[in-house]
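In what follows, chains are A, B, ... by sequence order, proteins preceding strands, each numbered from 1. From a predicted model like this one, the values you see are computed outputs, not experimental measurements.
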There are 2 protein chains.
Amino acid sequence: MNIGQAAKASGVSAKMIRYYEQTGLIPKADRRQSGYRDYSDTDVHMLRFIRRSRDLGFSVAEIQELLGLWRDESRESAEVKRLAQSHIDDLKKRIAALEDMTNTLTKLVGACHGDHRPHCPILEGLESDGADEDLSIRPRRGAVAG
Amino acid sequence: MNIGQAAKASGVSAKMIRYYEQTGLIPKADRRQSGYRDYSDTDVHMLRFIRRSRDLGFSVAEIQELLGLWRDESRESAEVKRLAQSHIDDLKKRIAALEDMTNTLTKLVGACHGDHRPHCPILEGLESDGADEDLSIRPRRGAVAG
DNA sequence: ATGGGGCTTCCAACCATGGGAAGGTCAAGC
DNA sequence: GCTTGACCTTCCCATGGTTGGAAGCCCCAT
């Protein structure tokens, strides 16, 4: 099977297959006399594993570990689970960071009239240091008159 | 003010300040006779704006737009709001993607015993095509007996 | 004036991926 | 057999945002 067919069958682009080979994530493919790489169904199977792992957000380094465990018949499932759980924790941190961003930004957007006038609490919020300061929607008692 | 002091005052590293200057995000800094860059409080103000925008996940390209609006006294707040909202939408997409990953992965982790034995539904899940297949936690009504 | 820290520029690396150029190979049709 | 077009090969470059380092000059305090 040519690299293009392996790519189509696995969902990993030919570019990336070569890259994975070059970086040692996958073993060097067999070659035909012509120099073309030759892939078996087993190879495609492995590539699909990689593809799927990438889709779940694993880094290539993590996939290297996963592949090792995958191939190791005497692995302990606990090790796989630990790896997966640690990745989940990482994903959750990233989600939390993004949610912090949306929350802050949503507050700012809510405070902005969004009309033809130049006054804009969003820009003001970007100037200030991010504490709740003046962008609170609640009327600031006492600050209105002062 | 030297670049190091501007960096400390703004929260943007000296490296990044030079990079932003090089890429045109910020104007070229004044130079002293020695060749050292010289920064004013206004410059620091701008750098803090950038820093804060980065913290909220805006790309440098988006910050370029934001800075333009920031400097434009006759901007329409609607435009800022539109930009911010579009960024929020983007953030939400990224969050949703990460949540899909955690959900799938959490299901797999939940199905894995995580003991000394090699059998591991996580690895099996990475092999298969990601449909709910066998790893569903909900009892599949009708599928149980059949 | 000397030492150490700060500044300058330039170059490289990260991670995963895509684009493209220059040239060899395969398969199909004539 | 020969042409054609799709496919393969290697190699280099770009992305984005940031950090690291090297080589050399400058500034301030002692």
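- Under the side-chain hydrogen bond (donor to acceptor under 3.5 Å, both in side chains) test applied with Asn2(A), the options Arg32(A), Lys8(A), Arg37(A) reduce to a single match, Arg32(A).
- Rounded to whole angstrom, the span from the CD atom of Gln33(A) across to the C1' atom of dC8(D) amounts to 16 Å.
- Under 4.0 angstrom from either OP1 or OP2 of dG18(C) there lies at least one side-chain N or O belonging to Ser13(A).
- Between Arg32(A) and dT25(C) there is no side-chain N or O to OP1 or OP2 distance below 4.0 Å.
- With rounding to whole Å, Ile3(A) atom CD1 is found 17 Å from dT25(C) atom P.
- Looking at heavy atoms from C-beta onward, Lys81(A) lies out of side-chain contact with His113(B) at the 4.5 angstrom threshold.
- Whole-Å rounding puts the Gln64(A) CD to dA16(C) C1' distance at 14 Å.
- Checked by distance alone, Tyr36(A) brings a side-chain donor or acceptor within 3.5 Å of a matching partner on the base of dC7(D).
- Of the side-chain N and O atoms in Ser34(B), none sit less than 4.0 angstrom from OP1 or OP2 of dC7(C).
- Put simply, Tyr20(B) has a side-chain N or O that comes within less than 4.0 Å of OP1 or OP2 on dT18(D).
- Between Tyr19(A) atom OH and dT9(D) atom P the separation is 18 Å, expressed in whole Å.
- Taking 4.0 angstrom as the limit, Arg31(A) places none of its side-chain polar atoms (N or O) nearer than this to OP1 or OP2 of dC8(D).
- If you measure from atom CZ of Arg51(B) to atom C1' of dG17(D), you get 13 Å, rounded to the nearest angstrom.
- Within the 4.0 Å cut-off from OP1 or OP2 of dG17(D), not a single side-chain nitrogen or oxygen of Arg18(B) is found.
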- Assess whether salt bridge (Lys or Arg N to Asp or Glu O under 4.0 Å) is satisfied between Asp90(B) and Arg94(B), documenting all intermediate values. CA-CA 6 Å; Asp90(B) 182 52; Arg94(B) 285 155 64 188; 3.5 Å; yes
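- Side-chain contact check for Tyr20(A) versus Ile63(A): every heavy-atom pair is 4.5 Å or farther apart.
- Note: CG (Asn2(B)) to C1' (dG6(C)) measures 7 Å, nearest angstrom.
- Taking the six-membered ring where tryptophan is involved, the planes of His45(B) and Trp70(B) are perpendicular, since the angle between them exceeds 60° and thus also 30°.
- Residue side chain Lys15(B) does not reach the base of dG17(D) through any donor-acceptor N/O pair under 3.5 Å, judged by distance alone.
- Note: CE (Met16(A)) to P (dT15(D)) measures 18 Å, nearest angstrom.
- Nucleotides of DNA chain C nearest to Gly35(A) and Arg37(B) differ in position, and the one nearer the 5' end is that of Arg37(B).
- The distance between atom CD1 of Ile63(B) and atom C1' of dT18(D), rounded to the nearest whole Å, is 13 Å.
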